[in-house]
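Chain A is the first sequence line, chain B the second, and so forth, proteins listed ahead of strands; every chain is numbered from 1.
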Amino acid sequence: MPMTRPASLAVDLGDEGSIAVPLPVLGWASVAALYAAVRLAVALNAPVAGAELWSLSGAWAAHAGADDARFTGALAQAIAAATFAFTDSALPARLVLALLGSVVLAVAAARLRAVVGDGPLLVAAALVALDPFLAASGGTASSLALDVPVALLLFAVAVRPLATAWPWPVLAAAIAVCGPLPFLLALVLLAARLAVAQYPRPLTAALAAVGAIAGIAAASVGFGFRTLGLAVPPVDLFAASFDAEWSTGTAAELALLYGWPLLAAGGASAGWVIAGWARGADVPQGWQRLGLSWGGIGLVWLIAGAGSHAWAPVPAVSMPAALLAGAAAPRLWERLRSSAWRLAAPPLAAIAVMAASAGLFAFGWAFGRPNGSALLAILLVGGAGAMAALLAASRPTRPATFLVPLAFGFLWLVAMTGRAASPGPAEPVYSPAATAQGRVIRAAAIELADGRGRIAVHPDLVDDVTWPLRRSGTLLVTDRPPADAAVFLAPGGTTAPEGYLELEGPWAFLRLTGPPESVRGVLRWLASRNVHPSRDEPVAMFARPTP
Amino acid sequence: MADVLAFWAVAVGTAALAFPIAQLIFRRFPDGGAGIALPLGLMLSGWSYFLLRVTSLLPFGRGGALVALALLGLAGAAAWGLKRRARSDSRRSAGAAWAMLALFTSAFLAYTAFRSYVPEIQGTEQPMDLLYLNAAVASPSYPPEDPWLAGYSASYYYFGYLQVGLLTQAAGVPSSVGYNLGLSVVFGAVVTGAVSVAVALARGLRGGRRGWTIAAAGFAAVLLLLFVGSLTAPFELAAAHGQSPSGLFRAFGLEWLLPCAPGQTERCYPDAARTSAWYPTEFWWWWRGTRVIPSTITEFPFFSFLLGDLHPHLMALPANLLAVALALACWRSRRPLPTRGSLPPAEGFRLAVTAILLGGLAFLNAWDVITFVLLVGAAAVGRTLSLRPRDVPLAAAWFLVVVGAGVLAYLPWWLDFRSQASGLQPYVGPGTRPAHALLQFGPVGIAALTGTIVLAARGRDAPIRGAFAVGLAVLVLPLAVWALFTLVRGDFETAIRARTTGGFVTLGAFAYGAAVSAMAAVALSRVGRTAEAAVAALAAGGLLLLYGAELFYIRDVFAGSAPRMNTVFKLSYQAWLLLSLAGAGGAAAVLASRRPALRLAAAPAALLAVVGLVYPVTSLPNRTDGFAGPTAIDGLAFLAEASPGEWALLQAIRNYVPPGAVVVEATGRTWRKGNAGPELVSANVDYTDAGRIAARTGRPTPIGWYFHELQWRGDSQANHRLLSARQELVDGVYLAPDAATALDRLRRLRAEYVVVGPVERSRYPADLMPRFGEFLVTVYDDGIVQLYRLPVERELPTS
């Protein structure tokens, strides 16, 4: 990128004159603030759910000395387990991981600036800050929390190689103890080098190997919490993303619901790059080609895992999509600027009015109100589409047409990020979620069992109780509670064992919220987060009455 | 349909990832190795998956399969970088690659369409095949546990199941769907592999020039290898319509197809006409086409695909074609093995891949390893001999290193594998009647021999001495060794008498055919006719296998009843492949020739091939009931209608029983209530519904098919004791007098679950069976089937 003096904003300091604040600095400060605000909101508001619930359950089990297949030896889980020494809340783990991830992201961004440029990188960073999946994974304490930052750092190092090989052990060790995303990116980058017969230098390869082995060794001993045998967390977590229940909706459903704007923007940008490349008119830069490869492997993962109950593959596509969209942003901006806005403004205003009206009618229809009408909404959308087509048909106003999907996508993105940062009681992206009632059940069970016997748990509930019943002593896992058990927790609908009475109540450890299943459902969900149906997994609590 | 598309996509993706590796090894092939990229990819990714699972670096489940494929991509990228002229190679073979993709897709869909009419995984050994597929997919630990002998590793050559399992997991389809689509993939891979090799041969015969005869060679290879069948079919067709001239049928040794004479009840038919359609409608009449030679099995690929047993010999076909291609590549190479000087990275990479491919042949089908490793070795060392004779010792040493590396690459499998084979023996029984040999091997054998003779004329200027010596050795040595063997054992005279005149005629035909082909191969190679020599060598190899199967056999558990059954089965299958390819090469030569005499000489071979097509044309509608029924691709979906209880039990197992948990089910032995307690009525368990849960789900059971376990682990006293003890314990669970006894037996079996379904109720008297619900946890009960679990009790620390 040519070095030019950045534009600046003059800030009047009154009698002391004024200072010029470079616009990129302002931009970075704004994006960083946005990023921090969203992540903090997620950390404070999001329920423990999905992959985080799975991961924290494994981490807690390792901390408590229990054998649990959900502990994979990943660094994020080890950090969470370490925080459990002085708290049983998920918040400290979230904050530590978010801070660590932010630092790594900042280092990666700093490295990328020289290659990508401030403008495109700022746009990409803003998209990263606003993407709901990147927000949810960055603000929670799942095993995947550090994936995106480490992957971006690896990408930055690949695009702008290190001057020395000595950081490689740390980077390789980080890849070995994170989730699947950095590992898959490492495979892609290695394949790209091998395909052009560019082999790593022996020292680099050796140092990277040492780091990877050290990382695997650390994971294999569970960072001191529990020895696992040979463990490779990225591979184990990649496999788990297909088999584990990390979300109630499928990856495809959730990706379409929450993340389509960024995926669409990335897809369009990738298409733009590839088309120019195929014509020979516009050979993409090296980092763009690597970004395409990264997006490609992420897309393969997403397609392969489209039907699985884990949205883990989505960030694997969102991150490169943000980079590619950021790269396309300057060109898009130039195109928009070249549009005849005086001519385009009235139709755009009409489109906005029609779209808003369509929305009103559609929401009314979704809620069964008298002023709602699906037909009118469709007609209005059709009208807006016709207006957009007219705009596109005319050369001077054609670029302005981009504003329509951009605006719609941006609004959707902001809305979804708002949901991720401040979720309602039933949010599909945070499902299955640990209920607040879980701790109530714990308190009640401890009180009932105090001095009278043990707490027994049915084998089918073992996985569900790990997180809510933390610090509850040693539980007895059994199909039939023995005589010395005072409390027995079982799946809802279980017949009371002999000598036990069921405590009435809608007890539940887990709340399941699936994505809306129809257009009407989507509209209702968009309009009001409080009306979306969810289902609690019922739990039966039995107590042995005191004689 | 989604499952079919997903499976196809994964197969094509695997081939695409392996294509750069194929281009590196098969650079001189017209298609750049595109037609054999799929078996290459499956061998390499299967090997990495196996080793990484054994070392616990890869986890159980779909993710592990995808990582193995990702590593294949990495290897493909490395190969791409190693090719010196990457871009030009890719452009040159791009068109051929697309053509192979179209061919594979067509073959895959065509076979899928056929199989959708008969998708059921039941009967013959299909439960066993599904068992091993599920073992490869569902076993939490590796090497996979034998689901029919809980606690023991699988002792079989299950690499083919592992490869199909890899595709099944990567595509995310159930194993009962992966079974059928695996057959389709194998079919497609055989089509493209045969075309790839045949086209390479034909192009070589034309001196590198293009022409329509090259495509014709591909067509001929597919026809001979995959569609031509036993010549008994026209006889079956005629007899079914009441046309069976006694003299003709007896001349061809098909007496059993004749109508019964008055008073005759065996080996004949009571009705003269026995079909209700234009094709024979008798149930599975085509089965007899592989049992023509008494006490043997002479399968051929069309039969195997028609039957649908996903067996190792079938799954190995693409890899065997790959081995032939490898041999051909070595034969045409300027440096097939390292000799003097340094070892460039590309060559090292190629050798490593070769080691993995050759080592995997035993893991795929132990019967094939010697034949195809020798074929590749002969090609590599023989080429070195023709180019630089003084480098032969070094080249041979390198080949041994490669073979050794191949064995080491699969060491975890070798450590668990127990073969039933117990030595090479001379065959002293009745020889094959010439008529039977003609019916079974006529089309491919005569096509190969005709092609060889046509091509031999191109070597007429070669010095005869060396070629004659080789031919004589091929002719005499096997017979001499056989004679010596029988003399030492003292049954030489018995052997001579038992073979009969007809047997000697057959023996002589195979021997002379092999000798003539070997002579031609040597002569042609000495005048630089490498492509012609390759065709002749393939013919020689095929006929030598048939010759050898007439003289020797591998002793196994069938030694008493049918000593040479498996030997003839496996060697004739290999021979079919080699002879088909040789026949295709010969067809290309004949079609390219402008001499009418040559074309006339090839007419009998062509006629036999056409007659051989009666088998597929008449057996297909029989197998599918005229393509009339409903279609499905899930091999177990038939249970929903045929046996709702078993279907419900299957779903319950899938939903509630974790992989690796031992499930107790009926042993297959039948009991009744006697005066003094339970009495054993029938001990026959193989080929029954014994072990059906383990077969359908991969969840291990203490004991499955008894006799098959003996075949896999050896017919020893220790194994008999082990298997019998398991049967006693399992039967003892269902016949236990009280809960404590049942629980004790379950704990000794390390079982976690017990099923009671229609099969158990048919095998054990209801009033002798314990009330499992009273002392076990009822996991599932719909009134027809019950699934019980042993009670759990353990502690769970939470702080």
Practice prompt. Start with the C-alpha distance between B:Trp80 and A:Leu194, add both sets of side-chain angles, then the distance that settles side chain to side chain contact (heavy atoms under 4.5 Å, CB included), and finish with yes or no.
Written response: CA-CA 8 Å; B:Trp80 187 278; A:Leu194 290 174; over 6 Å; no
Worksheet entry | Among B:Ala78, B:Ala170, B:Gly61, residue most engaged with chain A (heavy-atom pairs, under 4.5 Å) |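 Heavy-atom pair counts peak at B:Ala78.
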Closest heavy-atom pair and its distance - [X], [Y]:
X        : Y        : value
B:Arg789 : A:Asp479 : NH2-OD1, 2.6 Å
B:Ala70  : A:Leu187 : CB-CD1, 4.0 Å
A:Ala191 : B:Leu74  : N-CD1, 3.6 Å
B:Gly81  : A:Ala197 : O-CB, 3.5 Å
A:Phe238 : B:Gly63  : CE2-O, 3.4 Å
A:Ser472 : B:Ser799 : N-OG, 4.2 Å

Practice prompt. Starting at CG of A:Asp460, measure out to OH of B:Tyr656 and round the result to the nearest 0.5 Å.
Written response: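 Going from CG on A:Asp460 over to OH on B:Tyr656, the span is 9.0 Å.
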Discussion item. How long is the straight-line distance from OG of B:Ser56 back to CG of A:Leu228, given to the nearest 0.5 Å?
Written reply: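 Reported value, rounded in 0.5 Å steps: 11.5 Å.
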Worksheet, complete the sentence: The interface call for B:Leu52 against chain A, heavy-atom contacts under 4.5 Å, is neither
Worksheet entry | Contact origin within B:Leu69 toward chain A - heavy atom pairs under 4.5 Å | neither
Looking at [options], which makes the most heavy-atom pairs under 4.5 Å with chain B?
options                                : answer
A:Gly305, A:Ala239, A:Gly307, A:Pro180 : A:Ala239
A:Leu230, A:Val232, A:Val300           : A:Leu230
A:Pro482, A:Ala240, A:Gly473           : A:Gly473
A:Leu190, A:Ile303, A:Val196           : A:Leu190
A:Thr478, A:Thr474, A:Val477, A:Val465 : A:Val477

Practice prompt. Apply the test side chain to side chain contact (heavy atoms under 4.5 Å, CB included) to residues B:Val792 and A:His458: give CA-CA distance (whole Å), side-chain angles for both, the deciding distance (0.1 Å), then the verdict.
Written response: CA-CA 9 Å; B:Val792 163; A:His458 191 279; over 6 Å; no
Discussion item. If you apply the rule side chain to side chain contact (heavy atoms under 4.5 Å, CB included), what do you find for B:Glu793 with A:Leu476, and how did you get there?
Written reply: CA-CA 7 Å; B:Glu793 193 161 302; A:Leu476 180 67; 4.0 Å; yes
Practice prompt. Kindly check if the number of other-residue, nucleotide or ligand heavy atoms within 6.0 Å of CZ (A:Arg471) is above 12?
Written response: yes
Discussion item. Is it the case that atom CD in A:Gln198 sees more than 12 heavy atoms from other parts of the structure closer than 6.0 Å?
Written reply: yes
[X] versus chain B, the contacting section by heavy-atom distance below 4.5 Å:
X        : result
A:Arg454 : side chain
A:Val235 : both
A:Asp243 : side chain
A:Tyr199 : side chain

Discussion item. Apply side chain to side chain contact (heavy atoms under 4.5 Å, CB included) to residues A:Val457 and B:Leu796 and explain how you reach the verdict.
Written reply: CA-CA 9 Å; A:Val457 173; B:Leu796 178 69; over 6 Å; no
Discussion item. Any non-hydrogen side-chain atom of B:Thr798 less than 4.5 Å from a side-chain atom of A:Arg442?
Written reply: no
Discussion item. Main chain of A:Ser241, side chain of B:Arg62: is a donor-acceptor contact present, judged purely on distance under 3.5 Å?
Written reply: no
